[in-house]
Amino acid sequence: MIIVTTEFVPGKEIQELKGFVRGSTVQSKNIGRDLMAGLKTIVGGEIKEYTDMMEQARKQAIGRMVDDAKNKGANAIICMRLETSSVMTNASEIIAYGTAVYVD
(Lines give C-alpha, C1' and ligand atoms only; values in the text may rest on other atoms or scores of the structure.)
Protein backbone atom coordinates (compact mmCIF):
# COMPACT_ATOMS: atom_id res chain seq x y z
CA MET A 1 0.00 0.00 0.00
CA ILE A 2 1.40 3.37 -1.04
CA ILE A 3 0.62 6.08 1.52
CA VAL A 4 1.32 9.75 0.83
CA THR A 5 0.30 13.05 2.37
CA THR A 6 0.10 14.71 -1.05
CA GLU A 7 -2.82 14.82 -3.49
CA PHE A 8 -1.01 12.56 -5.96
CA VAL A 9 1.50 9.72 -6.02
CA PRO A 10 4.67 10.85 -7.80
CA GLY A 11 5.24 8.86 -10.99
CA LYS A 12 1.81 7.19 -10.81
CA GLU A 13 -1.51 8.00 -12.41
CA ILE A 14 -4.71 7.75 -10.40
CA GLN A 15 -7.02 5.41 -12.28
CA GLU A 16 -9.90 5.21 -9.84
CA LEU A 17 -11.08 7.03 -6.74
CA LYS A 18 -12.18 4.53 -4.07
CA GLY A 19 -13.24 7.02 -1.39
CA PHE A 20 -12.63 8.06 2.17
CA VAL A 21 -10.82 5.61 4.43
CA ARG A 22 -9.98 5.74 8.11
CA GLY A 23 -8.68 3.79 11.03
CA SER A 24 -8.62 4.65 14.70
CA THR A 25 -7.73 3.42 18.14
CA VAL A 26 -8.22 4.71 21.67
CA GLN A 27 -5.31 4.38 24.06
CA SER A 28 -5.38 4.96 27.80
CA LYS A 29 -2.63 5.53 30.28
CA ASN A 30 -1.90 2.86 32.85
CA ILE A 31 -0.50 2.88 36.36
CA GLY A 32 2.96 1.69 35.31
CA ARG A 33 3.32 4.42 32.72
CA ASP A 34 1.88 7.00 35.11
CA LEU A 35 4.48 6.18 37.77
CA MET A 36 7.34 6.54 35.30
CA ALA A 37 5.82 9.72 33.85
CA GLY A 38 5.48 11.18 37.34
CA LEU A 39 9.17 10.61 37.97
CA LYS A 40 10.08 12.17 34.61
CA THR A 41 8.09 15.32 35.39
CA ILE A 42 10.34 15.81 38.42
CA VAL A 43 13.67 15.40 36.62
CA GLY A 44 12.59 16.46 33.14
CA GLY A 45 13.11 14.84 29.77
CA GLU A 46 11.13 12.75 27.33
CA ILE A 47 8.48 10.45 28.75
CA LYS A 48 9.49 7.46 26.65
CA GLU A 49 6.66 5.25 27.91
CA TYR A 50 4.08 7.66 26.47
CA THR A 51 6.10 8.21 23.30
CA ASP A 52 6.14 4.44 22.71
CA MET A 53 2.43 4.12 23.53
CA MET A 54 1.48 6.84 21.04
CA GLU A 55 3.75 5.40 18.34
CA GLN A 56 2.04 2.02 18.75
CA ALA A 57 -1.37 3.73 18.57
CA ARG A 58 -0.40 5.55 15.34
CA LYS A 59 0.77 2.30 13.75
CA GLN A 60 -2.47 0.58 14.75
CA ALA A 61 -4.63 3.40 13.37
CA ILE A 62 -2.67 3.44 10.08
CA GLY A 63 -2.95 -0.34 9.84
CA ARG A 64 -6.72 -0.16 10.23
CA MET A 65 -6.90 2.58 7.60
CA VAL A 66 -4.87 0.40 5.21
CA ASP A 67 -7.26 -2.51 5.84
CA ASP A 68 -10.18 -0.23 5.02
CA ALA A 69 -8.49 0.83 1.76
CA LYS A 70 -7.70 -2.78 0.78
CA ASN A 71 -11.33 -3.73 1.37
CA LYS A 72 -12.30 -1.02 -1.13
CA GLY A 73 -9.86 -2.32 -3.75
CA ALA A 74 -7.32 0.47 -3.41
CA ASN A 75 -3.55 0.17 -3.72
CA ALA A 76 -2.73 3.68 -2.48
CA ILE A 77 -3.92 6.32 -0.02
CA ILE A 78 -3.47 9.98 -0.80
CA CYS A 79 -3.88 13.03 1.47
CA MET A 80 -3.22 10.88 4.56
CA ARG A 81 -3.53 12.70 7.88
CA LEU A 82 -3.21 11.80 11.55
CA GLU A 83 -5.17 13.45 14.34
CA THR A 84 -5.52 12.92 18.04
CA SER A 85 -8.13 13.96 20.54
CA SER A 86 -8.96 13.39 24.16
CA VAL A 87 -12.05 11.20 24.50
CA MET A 88 -12.05 11.04 28.29
CA THR A 89 -9.70 11.61 31.19
CA ASN A 90 -6.47 9.70 30.55
CA ALA A 91 -7.55 8.37 27.13
CA SER A 92 -6.80 9.64 23.63
CA GLU A 93 -8.05 8.64 20.21
CA ILE A 94 -5.66 8.49 17.29
CA ILE A 95 -7.28 8.56 13.87
CA ALA A 96 -5.61 8.08 10.49
CA TYR A 97 -7.57 9.06 7.42
CA GLY A 98 -7.19 9.76 3.74
CA THR A 99 -8.52 9.07 0.27
CA ALA A 100 -8.19 5.57 -1.15
CA VAL A 101 -7.26 5.35 -4.83
CA TYR A 102 -6.13 2.82 -7.39
CA VAL A 103 -2.95 3.83 -9.21
CA ASP A 104 -0.94 2.20 -11.97
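- In this structure, the side chains of Val4 and Ile77 stay at 4.5 Å or more apart for every pair of heavy atoms.
- Distance check: Lys59 NZ to Thr25 OG1 gives 14.0 Å after rounding to the nearest 0.5 Å.
- Taken to the nearest 0.5 Å, the CD atom of Gln56 stands 13.0 Å off from the OG1 atom of Thr51.
- For Arg64, the side chain to side chain donor-acceptor pair (under 3.5 Å) criterion is met by no residue, not counting sequence neighbours.
- To the nearest 0.5 Å, atoms CE (Met54) and CG (Leu82) are separated by 10.0 Å.
- Every residue meeting the side chain to side chain contact (heavy atoms under 4.5 Å, CB included) condition with Ser92, not counting sequence neighbours, appears here in chain and number order: Thr84.
- For residues 9-19, the set of pairs meeting the salt bridge (Lys or Arg N to Asp or Glu O under 4.0 Å) definition, not counting sequence neighbours, comprises Glu16-Lys18.
- Rounding to the nearest 0.5 angstrom, the gap separating the OG1 atom in Thr5 from the CD1 atom in Ile78 is 11.0 Å.
- To the nearest 0.5 Å, atoms CE (Met1) and CE (Met65) are separated by 8.5 Å.
- Side chains of Gln27 and Met53 form a contact here, defined as non-hydrogen atoms less than 4.5 Å apart.
- Following chains of ILVMFWY side-chain contacts shorter than 4.5 Å, one can reach Ile94 starting from Val21, so the two form part of one hydrophobic cluster.
- The distance from atom OG1 of Thr99 to atom OH of Tyr97, rounded to the nearest 0.5 Å, is 10.0 Å.
- Members clustered with Val87: Val26, Met88, by chain and number, using a 4.5 Å side-chain heavy-atom cutoff among hydrophobic residues.
- Taking all atoms of both residues into account, the shortest heavy-atom contact from Ala74 to Val101 is CB-O, 3.2 Å.
- Closest approach of Asp68 to Arg22, counting heavy atoms only: OD2-N, 3.2 Å.
- Shown here are the side chain to side chain donor-acceptor pair (under 3.5 Å) partners of Glu7, two or more places apart in sequence or in another chain: there are none.
- Checking side-chain atoms of Asn75 against main-chain N and O of Val103 turns up a donor-acceptor pair under 3.5 Å.
- When all heavy atoms of Ala61 and Ser24 are compared, the closest pair comes out as CB-CA, 4.0 Å.
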Check against side-chain contact (heavy atoms from CB on, under 4.5 Å), Val9 and Ile14:
CA-CA 8 Å; Val9 179; Ile14 296 174; 5.6 Å; no
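- Cluster membership check: Met80 shares its hydrophobic cluster with Val66, using side-chain heavy-atom separations under 4.5 Å among Ile, Leu, Val, Met, Phe, Trp and Tyr.
- Pairs engaging residues 74-96 under the salt bridge (Lys or Arg N to Asp or Glu O under 4.0 Å) rule: none recorded [sequence neighbours left out].
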